[in-house]
4 protein chains.
Amino acid sequence: MEAIRRAGIKRLYKQGFEAMKLRDLADDVGIQAGSLYNYIRQKQDLLFMILSDIMERLHEGLSAELEGIEDPVEELRRFIAFHIRWHTARKEEVFIGNMELRSLTPANYRKIIAERTKYEHRLRSIIEEGNKAGAWSVRDPQVTSYATIAALTGVCTWYNPRGRLSQSELIDLHIEYVFHSFGLDISDASGPD
Amino acid sequence: MEAIRRAGIKRLYKQGFEAMKLRDLADDVGIQAGSLYNYIRQKQDLLFMILSDIMERLHEGLSAELEGIEDPVEELRRFIAFHIRWHTARKEEVFIGNMELRSLTPANYRKIIAERTKYEHRLRSIIEEGNKAGAWSVRDPQVTSYATIAALTGVCTWYNPRGRLSQSELIDLHIEYVFHSFGLDISDASGPD
Amino acid sequence: MEAIRRAGIKRLYKQGFEAMKLRDLADDVGIQAGSLYNYIRQKQDLLFMILSDIMERLHEGLSAELEGIEDPVEELRRFIAFHIRWHTARKEEVFIGNMELRSLTPANYRKIIAERTKYEHRLRSIIEEGNKAGAWSVRDPQVTSYATIAALTGVCTWYNPRGRLSQSELIDLHIEYVFHSFGLDISDASGPD
Amino acid sequence: MEAIRRAGIKRLYKQGFEAMKLRDLADDVGIQAGSLYNYIRQKQDLLFMILSDIMERLHEGLSAELEGIEDPVEELRRFIAFHIRWHTARKEEVFIGNMELRSLTPANYRKIIAERTKYEHRLRSIIEEGNKAGAWSVRDPQVTSYATIAALTGVCTWYNPRGRLSQSELIDLHIEYVFHSFGLDISDASGPD
DNA sequence: TATGAATGAGGGTTCATTCAT
DNA sequence: TATGAATGAACCCTCATTCAT
């Protein structure tokens with residue numbers, strides 16, 4: 001079952017939901033197409049399961065990262081670091097998470113979007129806290145949260161683990177980028193690690 | 001033919017390449033499925049034509065926008081404004097321009113990606129000019145250009161023409177966002193218009 | 001029109017009736033597919049016209065060859081020579097004449113077969129005359145006429161004008177073959193030419 | 001699978017490769033068209049399989065017939081008998097074996113033709129052995145083998161099991177025909193059976 | 001007489017899904 | 001839980017034929 005999920009992610013990434021053939025997926029796992037139906041009831045189910053799972057892990061990861069932090073600046077720094085770390089480590093999942101929403105059943109679509117919105121609200125909350133605490137003064141927290149997430153997520157469209165920049169360099173560059181855009185001096189970002 | 005292109009864009013946006021049925025497309029245009037083949041030789045051709053066309057218009061639009069401008073700050077400002085204006089006005093095209101690349105034949109894929117890269121290089125060149133001219137000092141022009149384009153392009157995933165913010169407000173917010181991230185004061189951006 | 005017939009023969013030979021596309025045929029002639037319908041009413045018509053024409057010319061050719069001859073031996077010799085000469089010179093027509101009968105409409109099929117049978121009867125008549133005249137003694141004129149025509153027609157499945165044997169050598173060999181099979185000495189065949 | 005082969009032969013005989021519809025074929029077998037693809041990968045495969053199979057059985061049949069025979073006269077007699085017996089018993093296979101070659105893929109075509117040539121060479125070898133052994137003196141073994149095979153194969157274009165002549169009468173007539181054409185007296189052919 | 005766009009039936013092939021074993 | 005043959009709907013694409021120009 002876990003094998004099916006993993007193979008499903010790979011195929012969804014490479015081919016997309018419509019182009020992915022259950023026969024090929026079964027082949028990847030080493031079973032016959034018919035046998036897949038002992039694990040899923042429909043092709044659609046597989047997509048939803050995979051996407052739900054991705055969202056869930058994303059939430060858990062972020063929660064763990066921010067646990068106990070109260071300073072907005074530090075929260076922002078950690079959000080950026082976590083987002084890039086998680087996204088670059090899971091290029092495939094992120095890609096599917098953005099591309100395959102369209103193939104979801106309306107009901108399933110709503111559920112996944114709700115999760116994604118929840119995640120976006122975490123950054124927005126941080127921005128608003130920072131505004132309140134005087135850490136920065138961002139004019140439009142909603143737009144800024146969208147722009148920031150887009151900028152950070154964009155990384156994984158071109159990130160190459162064996163490329164010019166290491167993951168931590170990438171994180172530094174984006175912390176600088178975002179902090180600047182928030183009107184913060186980069187030195188403010190120097191945290192405990 | 002133009003009708004086919006327009007209907008194709010709509011269907012690609014709503015359903016994606018694989019899910020789009022040529023019969024439905026023909027229906028949209030008011031002809032029989034077989035008649036489509038007087039205009040295209042394959043389904044794949046339609047996708048490629050549409051994507052090529054989008055890229056071409058994007059290039060032309062940007063060239064017109066930047067024509068005669070020499071000041072990097074002004075160029076950057078115009079790039080941002082143009083990008084948001086163009087992308088929010090063409091949500092559908094932008095969406096398929098990102099999503100349907102995967103459905104391209106390898107040969108066609110390479111051609112489209114080459115065009116996209118050319119576009120990205122325009123911003124990178126602006127950044128590098130600005131570095132040279134002392135307008136700003138951006139540490140990593142490549143990464144910064146990617147992050148910026150991602151942030152700006154992200155707009156059209158949530159932009160709603162009848163939403164809270166007008167297009168020009170959106171542009172202002174993003175100019176501010178990007179200028180800050182470049183370490184520029186927003187007032188520097190005040191151009192002739 | 002004559003160009004269409006000639007191109008039709010070529011295409012029928014190479015591809016067969018079902019596989020032959022009217023578009024390609026039109027291309028060969030240098031017109032559009034639609035324009036063909038100024039000359040034929042249906043694809044089937046073309047086939048019938050071509051086959052009728054072939055049969056007609058075959059009959060005419062044989063009649064001219066046998067005109068005025070009364071000696072069965074000489075008639076046989078001339079029949080063989082004519083058949084091989086005509087068939088090797090018209091490989092394509094002969095081939096279609098055998099292969100494409102199946103694609104004819106039942107009504108058309110009957111007409112063509114009637115012509116072919118008439119042709120076969122010419123040889124049978126010669127054989128029977130020879131029996132009567134004591135030129136040879138063939139046990140079963142019908143079977144022998146079939147076997148003989150098959151043997152002769154077979155030539156054009158492998159005949160190559162630039163091959164080892166010239167047309168007249170081929171004719172000599174087959175005259176010998178058939179005369180022997182009729183129990184005739186080959187020297188009997190030496191005619192005026 | 002065997003049912004598909006048999007139905008395929010029938011349909012190829014009646015309609016030809018291009019005109020044969022897989023849907024009809026499936027109907028003959030009592031399955032859906034799609035189910036055919038559990039047995040073949042392409043329509044072309046079916047044709048090739050059938051033709052290969054025919055050639056293989058033909059070779060096997062002949063080998064069995066000639067096994068242990070060393071006398072060229074007897075070999076010739078048996079070749080004729082076998083060829084007519086096999087061909088009249090398999091009118092349909094013989095027909096498509098000649099007609100549908102054209103519908104083969106070039107690669108497949110070469111393979112089948114190679115088999116056919118091998119078969120023709122068997123007769124040619126017999127003729128050459130007979131020449132060497134002084135059993136007969138045939139001027140051009142190649143041409144004679146072609147003419148002979150054509151004459152014999154022609155039988156099945158008109159042979160009717162309920163017709164005037166029995167199979168064995170037919171064989172006798174053709175043995176006489178061919179033996180004469182080889183310059184042999186028919187009495188030489190009287191073998192053990 | 002020629003064009004070329006349109007038709008419409010249908011053909012080969014694919015594939016999610018089912019089900020008896 | 002696994003198989004693999006069967007289903008059946010549908011999809012892309014083809015092509016003879018029509019017809020307004």
Side-chain angles (χ1 to χ4, degrees), chain A residues 1 3-4 15 17-27 29-47 103, chain B residues 1 3-4 15 17-27 29-47, chain C residues 1 3-4 15 17-27 29-47 103, chain D residues 1 3-4 11 15 17-27 29-47 103:
Chain A
M1 177 66 236
I4 293 175
Q15 316 182 313
F17 180 72
E18 300 281 351
M20 175 185 74
K21 298 177 233 176
L22 252 23
R23 270 173 174 80
D24 289 341
L25 181 64
D27 229 47
V29 187
I31 58 177
Q32 293 285 113
S35 306
L36 280 178
Y37 288 79
N38 290 320
Y39 303 94
I40 57 171
R41 272 176 330 150
Q42 297 206 74
K43 199 185 176 191
Q44 170 76 208
D45 287 357
L46 183 65
L47 177 60
S103 297
Chain B
M1 177 67 237
I4 294 175
Q15 315 182 312
F17 180 72
E18 301 280 351
M20 174 184 75
K21 301 176 224 175
L22 251 24
R23 268 176 179 79
D24 290 340
L25 180 64
D27 239 41
V29 187
I31 58 176
Q32 292 283 113
S35 304
L36 284 177
Y37 290 81
N38 288 322
Y39 303 94
I40 56 169
R41 274 173 329 153
Q42 296 200 74
K43 199 186 177 191
Q44 169 76 208
D45 287 357
L46 183 65
L47 177 60
Chain C
M1 176 65 234
I4 293 175
Q15 315 181 315
F17 180 72
E18 300 282 352
M20 174 186 75
K21 298 177 233 177
L22 253 23
R23 270 172 173 81
D24 290 341
L25 181 65
D27 230 46
V29 187
I31 58 177
Q32 292 286 113
S35 307
L36 281 178
Y37 287 80
N38 290 320
Y39 303 94
I40 57 171
R41 271 176 331 149
Q42 297 206 75
K43 199 186 176 189
Q44 169 75 209
D45 288 357
L46 183 64
L47 177 60
S103 297
Chain D
M1 177 65 238
I4 293 175
R11 290 235 166 241
Q15 315 182 311
F17 180 71
E18 301 280 351
M20 174 185 75
K21 301 177 226 173
L22 252 21
R23 272 173 177 79
D24 290 340
L25 179 64
D27 239 40
V29 187
I31 58 176
Q32 292 282 112
S35 303
L36 283 177
Y37 288 81
N38 288 322
Y39 302 94
I40 56 171
R41 275 174 329 151
Q42 296 199 76
K43 199 187 176 190
Q44 168 76 208
D45 288 357
L46 183 65
L47 177 60
S103 297

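Here the structure is a predicted model, which means the values were calculated and not measured. Numbered from 1 within each chain, the chains take letters A, B, ... in sequence-line order.
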In whole angstroms, how far is the [atom2] atom of [N] from the [atom1] atom of [X]?
| X | N | atom1 | atom2 | answer |
| --- | --- | --- | --- | --- |
| B:Glu18 | F:dC12 | CD | P | 9 Å |
| D:Leu36 | F:dG8 | CG | P | 14 Å |
| A:Leu22 | F:dA6 | CG | P | 20 Å |
| B:Met1 | E:dG4 | CE | P | 17 Å |
| B:Gln15 | F:dC12 | CD | P | 10 Å |
| B:Met20 | F:dA10 | CE | P | 18 Å |
| D:Asp24 | E:dG10 | CG | P | 11 Å |
| C:Asn38 | F:dT21 | CG | P | 17 Å |

| Does a side-chain heavy-atom distance below 4.5 Å link D:Gln15 with C:Glu18? |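 Side-chain contact under 4.5 Å: no.
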Quiz prompt | B:Leu46 side chain near B:Leu25 side chain, heavy-atom distance below 4.5 Å | solution =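 They are in contact (side-chain heavy atoms under 4.5 Å apart), so the answer is yes.
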At what distance, to the nearest 0.5 angstrom, does CG of A:Asn38 lie from CD1 of A:Ile4?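 Nearest 0.5 Å value for the CG-CD1 distance: 8.5 Å.
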Strictly by Watson-Crick or wobble contacts shorter than 3.5 Å, is anything paired with E:dT21, and which nucleotide is it?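 For E:dT21, the partner nucleotide comes out as F:dA2, under the 3.5 Å rule.
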Assigned partner base of F:dA10, Watson-Crick or wobble definition, under 3.5 Å: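 The answer is E:dT13, by the H-bond criterion.
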With respect to the phosphate group of [N], does any side-chain polar atom (N or O) of [X] fall under 4.0 Å of OP1 or OP2?
| X | N | answer |
| --- | --- | --- |
| B:Ser35 | E:dA5 | no |
| C:Gln42 | F:dA16 | no |
| B:Gln32 | E:dA6 | no |

Under 4.0 angstrom, heavy atoms only, what part of the nucleic acid is C:Tyr37 near: base, sugar-phosphate, or nothing?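 Since a base atom lies under 4.0 Å of C:Tyr37, the category is base.
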So if I take every side-chain heavy atom of [X] and compare against [options], which nucleotide ends up nearest?
| X | options | answer |
| --- | --- | --- |
| C:Arg23 | E:dC15, F:dT17, F:dT3 | F:dT17 |
| A:Lys21 | E:dT13, E:dA5, E:dA16 | E:dA16 |
| A:Lys43 | E:dA16, E:dG12, E:dT1 | E:dA16 |

Exercise. Nearest heavy-atom pair of D:Ala33 and D:Arg23: which atoms, and what distance?
Worked result: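 D:Ala33 and D:Arg23 have their closest heavy atoms at CB-CG, 3.8 Å.
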